[in-house]
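The next block holds one structure in the form of C-alpha cells; read it before the comments.
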Number of protein chains: 2
Amino acid sequence: MQQEHKHNRAQVTLDDIAERVGMSRTTVSRALGGHSDVSDRTRQRIEKAARELGYRPHTVARRLATGRSFTICAITGKLPFIRDALFIEVLDVFRRQLTSAGYDLIIGSRDPGVSGVGDAISLIRQQQVDGVVLLETDIEDPLLSRIVEMETPLVLFGRSPEHPELPYVDTDGLAAISTVVEYLARLGHKRIGYIGGPPWAVCAVQRLKGYLKACRSYGVSSDGLYIEMDHSGLAEGYSAAYALLNRTQTVPTALICYSDAMAFGAMRAAYELGLRVPDDLSVVGFDNVALDDFTIPKLTSVAQRTRDIGEHLARLILSEVEGEPTNPAQVLLGTELVVRESSKPPQAQGAP
Amino acid sequence: MQQEHKHNRAQVTLDDIAERVGMSRTTVSRALGGHSDVSDRTRQRIEKAARELGYRPHTVARRLATGRSFTICAITGKLPFIRDALFIEVLDVFRRQLTSAGYDLIIGSRDPGVSGVGDAISLIRQQQVDGVVLLETDIEDPLLSRIVEMETPLVLFGRSPEHPELPYVDTDGLAAISTVVEYLARLGHKRIGYIGGPPWAVCAVQRLKGYLKACRSYGVSSDGLYIEMDHSGLAEGYSAAYALLNRTQTVPTALICYSDAMAFGAMRAAYELGLRVPDDLSVVGFDNVALDDFTIPKLTSVAQRTRDIGEHLARLILSEVEGEPTNPAQVLLGTELVVRESSKPPQAQGAP
DNA sequence: CTGTTAGCGCGTTCAA
DNA sequence: TTGAACGCGCTAACAG
C-alpha cells in the first residue's frame with residue numbers, strides 16, 4: 001500500500017540503488033565507500049538514491065568480502081559475566097566511542113562454550129572482530145598469550161608483565177593506595193589494615209605493593225594487617241575484615257579495601273563486631289561507585305577516571321585496528337581520593 | 001615448525017577438509033551440518049579430518065548463506081547500558097542457555113547510533129540477529145511496535161498492554177507487592193508508604209496497583225503515602241523517602257520500594273532524618289540483590305526468580321526462532337519475600 | 001548417498 | 001570515470 005515503508009523487513013542492496021540510478025553496482029559501491037574516483041555528479045545521485053531507499057550496508061556481507069568486521073571484542077575477567085559496576089561504566093563510554101567511530105562492541109567469553117560460539121579465539125579466527133580489549137590483566141594469562149600469537153590488535157586495561165610492550169591503559173593503583181595510606185597516617189592512624197584482591201590480578205599486586213611501600217615510608221606497621229582474597233566481592237570483604245578485626249590485639253584502626261564491594265562487606269563485619277565506623281574504625285574503598293554516597297556512613301573511596309579509561313581504550317584499539325599508531329600507546333592514569341564520612345582520625349586510646 | 005599448530009590464525013575451510021578426505025565440499029558441509037543423507041563411514045572420516053585440522057565453521061559466511069545469524073539480541077530499558085544488578089543476573093543465565101544451544105548473545109541499543117551500527121532495527125534488517133528479547137516493557141514503546149511489524153521472533157520480559165499476544169516472561173509484581181503489604185499490615189503497620197518506579201514501565205504500574213489494592217484489602221490507608229519516580233536509582237529513592245518522611249504528620253512507619261537501590265537511598269534518607277531502621281521505620285526493597293545481606297540493617301526484599309526468568313526467556317526465544325512453539329508461551333513467575341533485619345512491627349506510639 | 005551448480009551482498013582487481 | 005568478472009566461505013536446489 002504505502003510506497004515509503006515497503007522496505008520494512010527487506011534489505012535494500014547496492015543493486016537496488018544501481019538499478020534506480022541506472023549504473024553498475026560497482027560504481028555505487030565506490031561512491032558510497034567514499035572513494036575518490038567517482039564523479040561528483042554521480043556520487044550525488046547515488047547518495048540521494050541511497051537515502052531515499054533507506055539503504056543500510058549489509059554488515060555480514062561486507063565482513064565476508066573484506067575480512068574485517070568493524071567490531072571490537074571486550075573480554076572481562078574470570079568472573080562469569082560483567083559484575084563490577086566499574087566495568088559497566090567503563091564499557092559504557094567505551095561503547096559510545098566505538099559507535100561514533102562506526103564500530104560495534106561485542107562481549108566475548110574467555111572459555112569456549114560447548115558449541116564453540118562466542119569465545120574470543122573463535123571470534124578472532126573467524127574475523128568476527130578486528131581487535132580485542134582485555135578488561136582485566138592477570139599475571140599469567142594463556143588467553144592473552146594466544147591472542148598475542150594470533151597477531152590481533154589488542155589493548156589491555158592493566159599492564160601485563162608477560163607482555164610489557166602491549167598498548168595499555170591503567171590506573172596507577174600503587175600511587176593510589178600510597179596516597180590513601182598517607183592520608184590515614186596523617187590523620188594519626190598507626191595500624192592501617194589492607195584487604196587485598198586476587199593475587200593473580202596485576203592491579204591487585206600493584207595496590208598491595210603500594211600499601212606495603214607506603215607503610216614503610218610513613219613508618220606504620222603492616223605486620224599481620226593485610227590479607228589477600230581470591231575474589232573482590234562483598235562476602236570476601238566481610239570475612240577478611242572479620243578475620244582482621246576479631247582479634248585480641250593488633251586490631252587496625254583503619255582498613256583500606258581493594259574494592260568498594262569489599263568495603264561494604266567490611267563495614268558490615270565491623271558492625272557485627274561492635275565497632276562503629278568511623279569512630280572505632282576508618283574504612284576506605286576503591287572505585288567510588290554511586291552507592292558510596294548513600295551508605296551509612298558514606299564511604300571514602302578512591303575514584304578511578306572511568307571516562308578517561310574508556311576513551312583511551314577506544315582511542316588505542318581503534319588506532320591499532322586502523323594501523324595508525326597513536327602516542328602515547330601506554331597510558332597510566334591518576335586517581336582521586338574522595339573523602340566522605342567513613343574515615344577520620346582514630347580515637348584516643350589507652351596505649352602507652 | 002610444528003605440524004599441529006600451523007593453523008594458528010588462518011581459517012580452516014570446508015574445502016581443506018574436502019581435499020583431505022578427497023570429497024566434495026558439499027558432502028563435507030552436510031556431514032558436519034548433521035544431515036541424515038550421508039553414509040556413516042563418510043561422516044566419520046569427515047569428522048575426524050575436521051577435528052584434526054581444527055575446523056571451526058565460519059559464522060559470517062554461514063550467516064550470509066543462510067540468512068540466519070544464530071544470534072539473539074537483548075535490548076535493555078531506556079537506561080544507556082546495563083546498570084541494574086537484576087538484569088546482569090538474568091542476562092548471565094540467559095546467555096548460558098543460548099550458548100549451550102549454539103546461539104550467541106548481543107546487546108543491542110535502542111536508538112540508532114551516528115553511523116547506524118548496533119541498533120536493534122539495523123541488526124534485524126541485516127539479519128544479524130534471529131530474534132529479540134526486550135528486557136523492559138513500557139506502556140508505549142515505538143521500538144517494540146516496529147519489531148512486531150518486522151515479524152521478527154520476539155519475547156518480552158514483562159507483559160505489553162499494546163501487544164498482549166506476544167510471548168513473555170514476567171514477575172507477578174502485583175501479587176508480590178500485595179504480599180509485602182499484607183506482611184507489614186500483619187506486623188501491625190497502619191501507615192505503609194510506597195516508592196514507585198517510572199510510570200511508563202509496565203511492571204511499575206503493576207506493582208503500584210498491587211500496593212493500592214492491598215491497602216484497600218487490609219484496611220490501611222494509602223492517601224499521600226506513595227510517590228512515583230522517573231527512575232529507580234539511589235538518588236530517586238533518597239529524595240522520595242525524604243519527601244515522604246520529612247513531614248509533620250502522616251509519616252509512614254513502613255516503606256516499600258520499587259527496587260533495592262531505591263531502598264538503599266531511602267534508608268539513607270531515614271538516617272539523615274533521625275529515623276532508625278527498623279525501629280522507627282521498616283523498609284522493604286525489591287530484587288534481593290547480593291548487597292541486601294550486607295547493609296546495616298540487612299534489607300528485607302522481594303526476590304525475583306532470576307534463574308527461571310533467564311531460562312524461560314531463552315526457551316521461549318529459541319522456540320520462536322526455530323519455529324517450534326512451546327507451551328506455555330506466557331509465563332508469570334511468583335516471588336519470595338526474604339525477610340531480613342530492616343522490617344519489624346512498628347513502635348508503640350501515642351496515638352489514640 | 002554424493003557431486004555440480006548457483007548464489008547470499010559486497011569489495012576489488014582488471015579492462016575499457 | 002565506469003563496468004564486468006571474480007571471490008570471501010558456506011548452504012541449498014537439483015541431478016546423478
Side-chain angles (χ1 to χ4, degrees), chain A residues 7 9-46 49-50 53-71 102 116-117 122-123 125-128 130, chain B residues 7 9-46 49-50 53-71 102 116-117 122-123 125-128 130:
Chain A
H7 43 272
R9 182 160 174 54
Q11 168 73 19
V12 179
T13 72
L14 288 183
D15 287 303
D16 296 333
I17 303 178
E19 190 182 355
R20 178 81 109 89
V21 299
M23 299 205 133
S24 83
R25 208 193 60 248
T26 312
T27 308
V28 176
S29 172
R30 273 187 301 235
L32 261 34
H35 292 230
S36 56
D37 49 0
V38 184
S39 80
D40 274 355
R41 214 177 66 82
T42 312
R43 157 164 296 122
Q44 311 247 327
R45 278 178 54 206
I46 291 178
L53 291 170
Y55 171 76
R56 305 290 218 133
H58 191 131
T59 316
V60 176
R62 189 204 299 223
R63 285 181 195 184
L64 186 59
T66 59
R68 295 188 51 197
S69 65
F70 301 94
T71 300
V117 183
S122 296
L123 289 173
R125 189 178 294 168
Q126 296 173 192
Q127 295 151 344
Q128 290 199 66
D130 293 334
Chain B
H7 42 270
R9 181 159 174 54
Q11 168 73 18
V12 179
T13 71
L14 286 183
D15 288 303
D16 297 333
I17 303 178
E19 189 183 356
R20 178 82 111 87
V21 299
M23 299 204 132
S24 81
R25 204 188 55 247
T26 313
T27 309
V28 176
S29 170
R30 272 186 301 231
L32 262 33
H35 291 231
S36 54
D37 48 1
V38 184
S39 81
D40 274 355
R41 214 176 67 84
T42 313
R43 159 168 293 124
Q44 312 248 326
R45 279 177 54 205
I46 290 177
L53 291 171
Y55 171 77
R56 304 292 216 127
H58 192 129
T59 316
V60 175
R62 188 201 301 219
R63 284 181 195 185
L64 186 58
T66 58
R68 296 189 50 196
S69 66
F70 301 95
T71 300
V117 183
S122 295
L123 289 172
R125 189 178 294 169
Q126 297 173 192
Q127 295 151 346
Q128 289 199 68
D130 293 335

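So you know, we letter chains A, B, ... as the sequences are listed, proteins then strands, and number each from 1. Worth saying up front: this structure is predicted, and the values here are computed from it rather than measured.
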OP1 or OP2 of C:dG3 under 4.0 Å from side-chain N/O of B:Ser24: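 So the side-chain polar atoms of B:Ser24 do come within 4.0 Å of the phosphate oxygens OP1 or OP2 of C:dG3, strictly under.
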Phosphate contact (C:dG3 OP1 or OP2) by B:Thr27 side-chain N/O below 4.0 Å: yes
Take the protein atom [atom1] of [X] and the nucleotide atom [atom2] of [N], then report the distance between them rounded to whole Å.
X	N	atom1	atom2	value
B:Arg63	C:dC10	CZ	C1'	16 Å
B:Arg68	C:dG9	CZ	C1'	19 Å
B:Ile46	C:dC1	CD1	C1'	11 Å
A:Leu32	D:dT2	CG	P	14 Å

Sole residue of A:Thr66, A:Leu64, A:Val60 in side chain to side chain contact (heavy atoms under 4.5 Å, CB included) with A:Arg62: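 Testing each of A:Thr66, A:Leu64, A:Val60 against A:Arg62, the sole residue satisfying side chain to side chain contact (heavy atoms under 4.5 Å, CB included) is A:Thr66.
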Distance-only side-chain donor-acceptor flag, B:Thr27 / B:Ser24, under 3.5 Å: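 Yes, side-chain donor-acceptor contact under 3.5 Å.
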Nucleotide-resolved protein contact map, nucleotides 6-16 of chain D, B/S/- at heavy-atom distance under 4.0 Å: --BBBBBB---
Residue pair A:Val12 / A:Tyr55: nearest heavy atoms and the distance that separates them: O-CD1, 3.1 Å
Side chain to side chain contact (heavy atoms under 4.5 Å, CB included) partners of B:Thr59, counting only residues at least two apart: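 Result, side chain to side chain contact (heavy atoms under 4.5 Å, CB included) vs B:Thr59: A:Gln126, A:Gln128, B:Arg63.
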Worked verdict on A:Ser29 versus A:Thr26 for side-chain hydrogen bond (donor to acceptor under 3.5 Å, both in side chains): CA-CA 5 Å; A:Ser29 172; A:Thr26 312; over 6 Å; no
Pairs meeting criterion salt bridge (charged side-chain N to carboxylate O under 4.0 Å, His left out) with involvement of residues 21-41 of chain A, two or more places apart: A:Asp15-A:Arg25
